[in-house]
Structure formats: structure tokens, C-alpha cells
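Note on naming: letters A, B, ... go to the chains in the order of the sequence lines (proteins, then strands), and numbering restarts at 1 for each one. Being a predicted model, the structure only gives us computed values, none of them experimental.
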Amino acid sequence: MAADNFTSAVHALVARIPRGQVATYGDLAAYAGRPRAARQAGYAMHRCPPALPWHRVINARGALSLAPGTTGYLTQRRRLEDEGVVFIGGRVELSRYRWPGPG
DNA sequence: ACTGTGACACAGG
DNA sequence: CCCTGTGCCACAG
């Protein structure tokens, strides 16, 4: 069952994102030690344990990468809004909510 | 081994 | 702002 290092690193990072803040796939990949593996971070999120705050992970444009209208999209958006994240035109202001990183 | 695909990102136009 | 092409990395068939 053990996930590979990159995947577990991404999951560990997701667990560290503070409430009300967000991180991009590219950010997570970089913090995990692979600056060019944003897509793989996305795959890691697809395999993300439901207990983690997966909704705090969005794309570099400040939008949700799940298909609009789907249950996943609505869940993610509602959770973020519950944490105080404001959506404008389907996007959030990254300069305002972006997590600086683990260290 | 090769091709297609994706919860991505960035440079151009 | 939009849309498009290209680069990227790993997985599935």
C-alpha cells in the first residue's frame, strides 16, 4: 500500500496547509523537491486520502481544477468559502491566499 | 517499448 | 482577458 516518496511528500504538505490558505499543484511539487512535476502533484491529489484538506489545492490560475458543476467542484468551493476564501469570477486571488510553504 | 491521457504550468499571440 | 502550443512527469493499455 505504501505510496512512493513523492506522493507521500505531497500528501504530507497538503496536511500542513493552514486553514483559509491555498497551494498550487506546482507549489506542492516544488516543495516536494520536483519543481517540474506539477502534473504528478495533480495525480497525487487524485490519490489523496479524504482526511486531508485536499480542497486547499488549486491551480496556478487561482481556479479549481475539478470540472465545474460536479460534486467535487462544489464541495471544494464550499469548503474554501467556509474558510473565508473569496471567489471572484470563479477564481481566487492567489497573492492573498497562497500558502508560503513549509519553511 | 510506444502511445494516449491528465485534479499542471508557462510563453505567445 | 481569452485561447493555443509546448514542456513536463508518471501511469494505463
When Watson-Crick pairs (N1 to N3 and N6-O4 or O6-N4) and G-U wobble pairs (N1-O2 and O6-N3) count only below 3.5 Å on both distances, what is the dot-bracket string of DNA chain C, with | for other-strand pairs?
-> .||||||.|||||
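Residue A/Arg91 places at least one side-chain N or O under 4.0 Å from the OP1 or OP2 atom of C/dC2. A close approach under 4.0 Å does not occur between any side-chain nitrogen or oxygen of A/Thr24 and OP1 or OP2 of B/dC8.
Protein atom CG of A/Leu94 is 14 Å distant from nucleotide atom P of B/dC8, rounded to whole Å. In this entry the distance linking CZ of A/Phe6 with C1' of C/dC11 reads 14 Å, nearest Å. Distance OH (A/Tyr25) to P (C/dA10): 18 Å, rounded to an integer number of Å.
Put simply, CD on A/Gln76 and CG on A/Leu66 are 5.0 Å apart, with the number rounded to the nearest 0.5 Å. To the nearest 0.5 Å, atoms CZ (A/Arg61) and CZ (A/Arg91) are separated by 5.0 Å.
For A/Arg39 and A/Tyr25, the positive end is not near the middle of the six-membered ring at less than 6.0 Å and at most 45° from its axis.
Nearest heavy atom pair, residue A/Asp82 against residue A/Arg19, reads O-NH2, 3.7 Å. Between A/Phe6 and A/Ala41, the shortest heavy-atom distance links the atoms CE2-N, 3.8 Å.
A/Asp4 and A/Thr7 are linked by a side-chain donor-acceptor pair at a separation below 3.5 angstrom, with hydrogens and angles left out of the test.
Of the residues in residues 39-67 of chain A, those lying under 4.0 Å from DNA chain C by heavy-atom distance are A/Arg39, A/Gln40, A/Tyr43.
Salt-bridge formation is detected for the pair A/Arg56/A/Glu83: a Lys NZ or Arg NE/NH1/NH2 atom is positioned less than 4.0 Å from an Asp or Glu carboxylate oxygen.
A/Val85 has its side chain out of reach of A/Arg79: every pair of non-hydrogen atoms, C-beta onward, lies at least 4.5 Å apart.
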